[in-house]
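Here the structure is a predicted model, which means the values were calculated and not measured. Naming: A, B, ... by sequence-line order, numbering from 1 per chain.
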Amino acid sequence: MRHESVPIYWRNIPHYYRLVARRCKRCGAVYFPPVAKCRCGSTELENVELPREGRLVEYTVLHQVGTDFLKQKPLIVGLVELSNGVRVAGQIVDAQPDKLAPGAKMEVVFRRVIADGKHGLVMYGYKFRPVGGI
Amino acid sequence: MKDVFLAGAALYQAGRHYGKNIDDIAAEVLDKALSDAKADIDALFVASSTTELANKQQILGAYVLEALGLDKIPVYRVENGDGSGGAAVALAYHALRSEEHNCVAVVGVDKPNDVLSNQQQDIYAATLDTYFERYFGITPLSYAALMAKMYLKKYEYKYEDLAQWAVLMHSHGAGNPYAYFRRQIKLEDAVNSEVVSEPLRLYDIGPLADGAAAAVLCNSRKEGPRILSVATSTNTAAFNLRPDYDTLYSLNEAARRAFEKAKITPRDVATAEVHDSFSIFGVLAVESLGLVRRGGALAAMKDGDLPVNLSGGFKSRGNMLGAAGVYQLVEVAWQLIGREFRRVDGSYGVVHSMGGVDKVSTVVVVGV
Ligand SMILES: [Zn+2]
């Protein structure tokens, strides 16, 4: 959306930069996006960083995008299952779509998400790429 | 508790209404519905998804009443994204059942064409988790594409099978005087349309359209289509943490409750209007509603017509976002009594209104 909010971006940096999730101390369930209460009922959750490797579950090449992504389109949007079993959705980069396939080894990379032209604010976050490149 | 009847209704032609403001089309359709009902209302529920973002208006209900000179009536805005319409119907129904009000109007309205198509993408993406999904460029279309890809693989269908949904919708919508695209299409048209998020093509998307629908509901009538039950449910699993990708959980639960309260089963349903903003959602809705078995919707379409989305659905009637659920209610009611639509053979109809990608669903059972 034209001109993202700086406070919103700032407060979400731990999640965007380091994939900080919430893990239940009682049952071990991991939530990303973070939640306030575990489905087991416990409110004792701790921050954990998600692992940086996983496998591709499924992906699509998206041609209709919002105003912030016009210069980047098409976007590859995928679902990746990380090595601890937690799935995360996000953009896939450094990949040729027709060479991607479910099961492909993926790794987390840190990339520019939005370059806000008018105010010059550049915002970053996690994306995924195939291990070793394709 | 008193029964709730549809006393009157009106639909606005779906389209691009560049010459009118959002309160203009809402007031016009409400005025028609009030004349149709020959009743005064004591509350107005306005369902709208994007009045702030697309039309730069809040408290829309008050400006709608201002246009009609209706003073001192309480107004309530209901926003559940593209499922706003169903949610507003639910609240109106409860207000009448509790006898807090005797006659209320529900107006569903949205004018997405007040902004450019990429801004529409921004707005629609705000129905997802704005910090963890929209921020990264994810849109409802891309999630629908992932779900379609997984569904086609799991149940061993070809893309051509899915493309039949658009063909069926256009064949139904050709008979809907209020539809955005009122014409038949061929399978080749769908299969050869541009890829928007593979496997989905342009004809898998219900085009966003400006529209408004109004329903006047009263608890003092004794005739006409009756709302037998309403149920709303929410799916709180994040898309990435869903147990599976071919169940609409919000719908599943809302349907279970709505059928139970109405004391009918899916077998009794003569007509259903389901939320098919993307073809795959219509397919999944038919299954999660219990009308056909899991994985069986596309096979059922091959075997013959499905009495689903006789309006043409989002593909042919159009996707009027927060207004859609109110359109659907009026369409189902009118199909049951043969007004404006061909009369269906049966006594029960069902509405499925959904917000976001399976975030929240409302199911309304209508009977005559
Ligand atoms: Zn727990």
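Against chain B, the residues from residues 42-59 of chain A that qualify, each with a non-hydrogen atom under 4.5 angstrom away, are A:Glu58, A:Tyr59 in number order. Residues of residues 138-146 of chain B that come within less than 4.5 angstrom of chain A, heavy atom to heavy atom, are B:Ile138, B:Thr139, B:Leu141, B:Ser142, B:Tyr143, B:Ala145, B:Leu146 in numerical order.
Taking the ring centroids of B:Tyr131 and A:Tyr16, they lie at or beyond the 6.0 Å cut-off.
Looking at B:Ile205, only its side chain comes within 4.5 Å of chain A, counting heavy atoms on both sides. B:Leu128 does not touch chain A: none of its heavy atoms, backbone or side chain, sits under 4.5 Å away. In this structure, the portion of A:Val30 lying under 4.5 Å from any heavy atom of chain B is its backbone and not its side chain. Both the backbone and the side chain of A:Val61 come within contact range of chain B, each with at least one heavy atom under 4.5 Å from a heavy atom of that chain. Neither the backbone nor the side chain of B:Ser117 comes within contact range of chain A; no heavy atom of the residue lies under 4.5 Å from a heavy atom of that chain. Heavy atoms closer than 4.5 Å to chain B are found in both the backbone and the side chain of A:Tyr126. For a residue to count as touching a neighbouring chain, one of its non-hydrogen atoms must lie under 4.5 Å from one of that chain's; by this rule A:Pro97 does not touch chain B. Both the backbone and the side chain of A:Leu62 come within contact range of chain B, with heavy atoms under 4.5 Å apart.
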Inset, instruction - Could you walk me through whether B:Leu202 and A:Gln64 pass the side chain to side chain contact (heavy atoms under 4.5 Å, CB included) test, one step at a time? - result: CA-CA 10 Å; B:Leu202 191 62; A:Gln64 289 189 351; 4.0 Å; yes
Inset, instruction - Check step by step if side chain to side chain contact (heavy atoms under 4.5 Å, CB included) holds for B:Tyr135 and A:Asp68. - result: CA-CA 9 Å; B:Tyr135 171 75; A:Asp68 289 324; over 6 Å; no
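The local environment of CZ in A:Arg112 is sparse, with at most 12 non-hydrogen atoms from other residues, nucleotides or ligands closer than 6.0 Å. Remark: B:Ile59 CD1 is loosely packed, at most 12 non-hydrogen atoms of other residues, nucleotides or ligands lying under 6.0 Å away. Annotation: A:Lys37, atom NZ; neighbour count of heavy atoms from other residues, nucleotides and ligands within 6.0 Å does not exceed 12.
The heavy-atom pair separating B:Met150 from A:Leu79 by the smallest distance is CE-CD2, 4.2 Å. The shortest heavy-atom contact between A:Gln91 and B:Phe136 is NE2-O, 2.8 Å.
Using modelled atom types, one side-chain atom of A:Arg87 and one backbone atom of B:Arg242 make a donor-acceptor pair closer than 3.5 Å. Judged purely by atom type and a 3.5 angstrom limit, B:Asn240 has no side-chain atom pairing as donor or acceptor with the backbone of A:Ala89. Counting only distance, with no hydrogens or angles, the side chain of B:Gln119 and the backbone of A:Thr67 share no donor-acceptor pair below 3.5 Å.
Taking CZ of A:Arg39 as the start and CG of B:Leu241 as the end, the distance is 9.0 Å to the nearest 0.5 Å.
Chosen from B:Pro199, B:Ala238, B:Ser197, the residue pairing most often with chain A at heavy-atom distances under 4.5 Å is B:Ser197. Per-residue heavy-atom pair counts under 4.5 Å with chain A were compared for B:Lys153, B:Glu194, B:Gln120, B:Glu133, and the maximum is reached by B:Lys153.
Considering only heavy atoms from C-beta on, B:Phe132 comes within 4.5 Å of A:Asn12 through its side chain.
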